[in-house]
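The analysis underlying the following values was restricted to heavy atoms, covering all of them including side chains, and did not include hydrogens, waters or symmetry mates.
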Amino acid sequence: MSSTVTSPAPPPLVAEPRRAPDTGRALRILLAITLLGGALRFATLDVQSIWLDESATMILVRRGLGGMLSHLSSSESAPPLYYVLVWAWTKVFGAGALGFRSLSALVGTLTIPVMYLAGKRVSPRAGLWAAALTAVNPAMYYYSQEARAYGLLVFFAACAFVLWQRALDEPSARNLAWWSAASALALLTHYFAVFLFIPEAVLLIRRIGFRRCRVAIGAVVLVGIALAPLALAQRSDGKAGWIEAESLSSRIAQSVKQFAVGLSAPLQIVAAPLIVLLAASVVLLLWRRGRERERSAARDAAIVAAVALLIPLVLAAPHAIDVYDGRNVVATWVALAVLIAAGIGVGGTHEHERWRGRWLGTLAGAGIVAISLAVVVAINVLSQYQRDDWRGAARAIGSVGPDRVLVSSEFASAPLSIYLGPLSNPGRGTLHASEVDFVSLRVRRSTSAPLPAPVPASAPPGFRLLGVKRSSSYAVARYVPTGGSGPASVSVAALRHVEGEAGADVMAAR
């Protein structure tokens, strides 16, 4: 007879009632944090324009359910769950920007109390800080206002993390089943959820043995196997090739910046390192002054975050599967936020250490929250740090007639068609136009302020510059025939040459 040898399970991590905040008071604070996070997300839901990736979602989901699913592999690089949910959601709330984004805003708001539960395993104080960090973090705010799958991914990843914690402390069949279900939903939302599932599964096996959790783990593995043909089909057409075009070191640095201040922010070269420094300081504080119970729970979160980041990096380094990107690893925020919140809410082993540790942790936590909230407010005020402003550019263009030609970067026809109506792309040949408009956006930079939107250095052959409509986020350069007596002929190749991009979109009204 054989027997399974497992690591001894640590005692359940139960908070000490005498030192925990009053439950009613903690729930009132959590409610206030959640309302703040919800207000931030819903009140500014339509401030920013629909951008390229969101337009791809909207165009896909506006099909019938069957048509949407049949086009999923050619249009997207993610599993189907988000698209099915948002398809049903827009049938009730409309297929405009608000209808699409409101689903992400809702799940982003619901993630806040789930993060409280994730941090509560360390202590109620850490739970409140985890909720506060999630409510105001610029990246969480960004994905809560985007018509993409990332907000839903974070929500399911947070739910799975909480249920995994419960399975660690009380490995009942019910807790394991709930963790398995949440993990499967996360995987059905985004393939990178597997990198969170792996360390969670390994830690469960080490703590309670494979026999007790094999059914829960196997169910998620079966979901992954079922998704494999779709993932391979989506991978084969090279839609993610743009990721590999950028160096891995640059993508790593950008992912750190995104976790701190989002995709783009004013003074990000100062704000991002400051937040990272404050976060590192509270983790060090936890290591030096935290109770064993706090350190143990935080250690679990650190292992999950480290492995979830390390696996895709190991796969990317030799270009085996190189899709490492800040967006793709966004769900690791869940474990990282719990780790940081544990440091902010550190208790201490002695009374004087407890007071000093809480004072230092609170000061650092307040600093992170203040900087994060300032970044969110600044982004809503400064349009050059917002998503690509195709809405503003479309307003500057006005109506598009059959003899008016638009020229812009590759794939620009998708977001412009959301605001201007259906656009055709002739691809090649000669066009007859009474006006040619070159549309460009500000140039975003990783470490400094964006550059103004560029305009062509020369006019298309047979045309002259009429004027330029410009804002801090876009420029529309208008050209009319030099003769001034009706439309003039111009080749698509000549327009792309002026644009300076071989694959530039040349568009006209359908």
Side-chain angles (χ1 to χ4, degrees), residues 48-60 71-78 146-148 234-247 250-251 254 263-264 322-323 325 327-328 386-394 396-397 400 404-431 433 435-446 450-460 473-479 490-510:
Q48 300 186 45
S49 168
I50 293 293
W51 75 292
L52 176 60
D53 285 13
E54 289 183 293
S55 67
T57 300
M58 295 175 74
I59 292 170
L60 177 67
H71 283 81
L72 185 65
S73 62
S74 60
S75 175
E76 298 292 341
S77 300
E146 186 181 50
R148 301 290 286 172
Q234 292 171 327
R235 174 72 176 162
S236 64
D237 64 4
K239 284 192 295 293
W242 61 272
I243 296 178
E244 292 188 66
E246 192 170 4
S247 70
S250 175
R251 283 179 275 152
Q254 288 184 19
L263 278 74
S264 181
D322 189 1
V323 287
D325 177 68
R327 289 177 174 272
N328 288 336
Q386 297 174 3
R387 294 178 178 85
D388 294 340
D389 191 11
W390 294 109
R391 178 176 58 191
I397 293 167
V400 180
R404 190 176 184 185
V405 175
L406 307 178
V407 185
S408 191
S409 57
E410 189 175 12
F411 307 122
S413 58
L416 282 175
S417 67
I418 298 296
Y419 295 106
L420 295 174
L423 298 171
S424 63
N425 194 327
R428 63 184 66 184
T430 300
L431 303 174
E435 181 175 327
V436 177
D437 294 347
F438 285 79
V439 186
S440 60
L441 302 172
R442 52 88 179 92
V443 180
R444 181 176 291 165
R445 296 187 288 179
S446 297
L451 295 174
V455 296
S458 59
S473 55
Y474 66 83
V476 178
R478 303 175 61 198
Y479 295 86
V490 61
S491 69
V492 171
L495 293 175
R496 286 176 172 161
H497 177 74
V498 173
E499 175 67 13
E501 184 180 339
D505 275 7
V506 179
M507 301 157 277
R510 287 184 183 177

Straight-line distance of Glu76 CD to Gln234 CD, nearest 0.5 Å
8.0 Å

Derivation of the side chain to side chain contact (heavy atoms under 4.5 Å, CB included) call for Leu495 and Phe438
CA-CA 9 Å; Leu495 293 175; Phe438 285 79; 4.0 Å; yes

Going by heavy atoms in the side chains, are Asp325 and Glu246 under 4.5 Å from each other?
no

Closest approach of Thr57 and Ala147, non-hydrogen atoms and distance?
OG1-O, 3.0 Å

Between CD of Gln254 and CZ of Arg327, what distance do you get to the nearest 0.5 Å?
11.0 Å

At their closest point, which heavy atom of Val506 faces which heavy atom of Leu431, and how far apart are they?
CG1-CD1, 3.7 Å

Show the numbers, then the answer: is there a side chain to side chain contact (heavy atoms under 4.5 Å, CB included) between Ile418 and Trp390?
CA-CA 9 Å; Ile418 298 296; Trp390 294 109; over 6 Å; no

Are the side chain of Arg444 and the backbone N or O of Leu263 linked by a donor-acceptor pair below 3.5 Å?
no

To the nearest 0.5 Å, how far apart are CD1 in Ile59 and OG in Ser417?
4.0 Å

Rounded to the nearest 0.5 Å, what separation is found between the CD atom of Glu501 and the OG atom of Ser440?
11.5 Å

Ignoring hydrogens and angles, tell me if any N or O in the side chain of Asp437 forms a donor-acceptor pair with the backbone of Ile397 under 3.5 Å.
no

Applying side chain to side chain contact (heavy atoms under 4.5 Å, CB included), run through Asp388 and Arg442 and close with a yes or a no.
CA-CA 8 Å; Asp388 294 340; Arg442 52 88 179 92; 2.9 Å; yes

Can you give the donor-acceptor pairs under 3.5 Å from side chains of residues 405-413 to other protein atoms, not counting sequence neighbours?
| from | atom 1 | to | atom 2 | distance (Å) |
| --- | --- | --- | --- | --- |
| Ser408 | OG | Val439 | O | 2.8 |
| Ser413 | OG | Asp505 | OD2 | 3.1 |

Write down the atom of Val498, the atom of Pro460, and the distance for their closest heavy-atom approach.
CG2-CA, 3.9 Å

Gap between atom CZ of Arg387 and atom CD of Glu54 - 0.5 Å precision:
5.0 Å

Search all heavy atoms of Val476 against all heavy atoms of Ala396 and return the closest pair with its distance.
CG2-CB, 4.0 Å

What residues form a side chain to side chain contact (heavy atoms under 4.5 Å, CB included) with Asp53, not counting sequence neighbours?
Trp51, Arg148

What one should report as the nearest heavy-atom pair of Ala453 and Tyr474 is CB-C, 3.7 Å

Applying salt bridge (Lys or Arg N to Asp or Glu O under 4.0 Å), name anything that partners Asp322, two or more places apart in sequence or on another chain.
Arg251

Shortest non-hydrogen contact from Ala414 toward Ser55
CB-OG, 3.4 Å

CG-CG distance between Leu52 and Leu416, expressed to the nearest 0.5 angstrom:
10.0 Å

